[in-house]
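Remember, it's 1-based here, ligands and their atoms both numbered in the order they're listed.
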Amino acid sequence: MSAVVIESETTTAKPGLREGAFGNATTLSCRECGHQVALGPFYACPECFGPLEISYDFPAVTRAQIEAGPRNIWRYKALLPVPDDIETSPNTEPGFTRLLDAKNLAAELGIAKLWVKDDSTNPTNSFKDRVVACALSAARELGSTVFACPSTGNLANAVAAAGARAGIKTVVFIPSNLEQPKQVNSAIFTENLVAVDGNYDDVNKLASEIAGEEEGWAFVNVNVRPYYAEGSKTLGYEIAEQLGWRLPDQVVIPVASGSQLTKVDKAFQELIKLGLVEDKPYRIFGAQATGCGPVATAFKAGVDAIRPVKPDTIAKSLAIGNPADGIYVLDIARRTGGAVEEVSDEEIREGIVLLARTEGIFTETAGGTTTAVTKKLVETGQLDPTLETVIINTGHGLKTLDAVSGQVGAAATIAPTYAAFKQTGL
Ligand SMILES: *Cc1c(COP(=O)(O)O)cnc(C)c1O
Ligand SMILES: [Zn+2]
């Protein structure tokens, strides 16, 4: 791979970038051909149109330095494309969510040691606050005037909230059929919620078009996507740190675009290279819904290409029919000895109830998918139940109440008398 930074009309860093705007990040590198581009609002390789990813020149980073940092993702700022003074800019301060020892769910699934990384407790109740915090920093450093996104819901919530705190104009685009709670959870933070008559892939296409036309708009998952995506690495860092600076044997991660899964793997690799954890084998598993499982389908068929699908599932936050990072998810699942599995909407509902009844965690449909896939992976012998396993709960059930409101409810309606109570048998 050449280390040449090319300078052309489309890839020159914006003048006026301050020194250290992106911390220890050095360039944007093409994941397909290795071509390098100067840091700026770029996401596609000018040579081959492959996705660009942040490269770094990391200084020596110690466990003690990280542990002395704040109890949020900025404790890992040396490993992110953010400036050293990031903590002074208003943001949502997500991260350092609990890693829960899930003994009851472990017993239920027959897994020896199981942890739930519970990202439903982030500021807007999903893991998206992590990626948006990094995107906001990039948007600021690039001098963007509008903070925007196409979203399946959670991202819109996170963008609208972070933008409100930062005092930057936000515009969020969602598919018009999105769950009502996710719409309200955005509209409460911004007046500029745009419902698009189409599915997520249509919304995404529109956003790319707007990003190409409108000066100064930072679309977190489009033109500042390389910076945004790095935020997911903090999930991997936290899991390792919270396990006492070691890697788990197996991780189960939900897959929409697939970005999060690839970044957890990147985080583990970086920690090994930096000597912050011991090198050891680990397996990464992806979780999808049958109604939108293009990566699971390709995995099972043993093929490299992902055929886009039209999503039809209650797991709307995972409903990306043409996942940008799908091929990299396949690579990682195969390289690490993991798998990508899918479950039906009925299994997703059961997964939500299972996690709630065993661990007291109310997850959204994405977490129901991850829980149900974990169960299926054990039942089909793909996940080794004797190995230490972490599953990631990425969102909160209060945002997808409709998914389970038909499933659970009052045990009985009774007259306010002791006799009527006794009749319930409780
Ligand atoms: C966005 C999202 C995901 C998946 O993220 P990708 O990085 O696009 O794969 C998983 N869970 C929830 C709740 C999400 O909102
Ligand atoms: Zn390229």
Item to check | Contact check: Ala256 vs ligand 1, nitrogen or oxygen atoms, below 3.5 angstrom | outcome: yes
Next on the checklist: Rounding to 10°, state the angle centred on the Zn ion (ligand 2) that links SG in Cys45 with SG in Cys33.
Outcome noted: 110°
Checklist outcome for this item: If you scan protein heavy atoms around atom 8 (O) of ligand 1, the nearest is Ser257 OG, 2.6 Å
Next on the checklist: Which label fits Tyr282 and Phe268: parallel for a plane angle under 30°, tilted from 30 to 60°, or perpendicular past 60°?
Outcome noted: perpendicular
Checklist entry - Any donor-acceptor pair under 3.5 Å linking the side chain of Lys376 with the backbone of Glu342? => result yes
Next on the checklist: Would you say the Zn ion (ligand 2) has His35 as a near neighbour, meaning an N/O/S atom of that residue under 2.8 Å away?
Outcome noted: no
Checklist entry - Considering only heavy atoms of Ser259, which atoms of ligand 1 have at least one such atom less than 4.0 Å away? => result 6 (P), 7 (O), 9 (O)
Checklist entry - Quick one: does Glu359's side chain have a donor or acceptor within less than 3.5 Å of a partner on Asn104's backbone? => result yes
Checklist entry - Mind checking whether Ile392 and Thr370 have side chains closer than 4.5 Å, heavy atoms only? => result no
Item to check | Short N or O distance, Lys128 and ligand 1, threshold 3.5 Å exclusive | outcome: yes
Item to check | NZ or CZ of Lys117 within 45° of Trp115 ring axis and under 6.0 Å | outcome: no
Checklist entry - Which pairs with one or both residues in residues 184-196 pass side chain to side chain donor-acceptor pair (under 3.5 Å), sequence neighbours excluded? => result Asn157-Ser186, Thr170-Thr190
Checklist entry - Would you say Ser317 and ligand 1 have an N/O pair spaced under 3.5 Å apart? => result no
Item to check | Short N or O distance, Thr394 and ligand 1, threshold 3.5 Å exclusive | outcome: yes
Checklist entry - In the protein, which heavy atom is nearest to atom 7 (O) of ligand 1, and how far is it? => result Gln260 N, 2.8 Å
Next on the checklist: Taking 4.0 angstrom as the limit and counting only heavy atoms of Leu318, give me the atoms of ligand 1 inside it, by number and element.
Outcome noted: 3 (C), 10 (C), 11 (N)
Checklist entry - Pro254: heavy atom below 4.0 Å from ligand 1, yes or no? => result yes
Item to check | Glu364: numbered ligand 1 atoms lying under 4.0 Å from its heavy atoms | outcome: 13 (C)
Checklist entry - Going by distance only, is there an N or O of Gly258 that falls short of 3.5 Å from an N or O of ligand 1? => result yes
Checklist entry - So, do Pro70 and Glu93 sit near enough that their side-chain heavy atoms are less than 4.5 Å apart? => result no
Next on the checklist: Applying a heavy-atom cut-off of 4.0 Å, say which part of Leu155 lies close to ligand 1: side chain, backbone, both or neither.
Outcome noted: neither
Next on the checklist: Measuring only between side-chain heavy atoms, which start at C-beta, is Pro175 closer than 4.5 Å to Asn199?
Outcome noted: no
Item to check | Non-hydrogen side-chain atoms of Thr92 and Leu136 separated by less than 4.5 Å | outcome: no
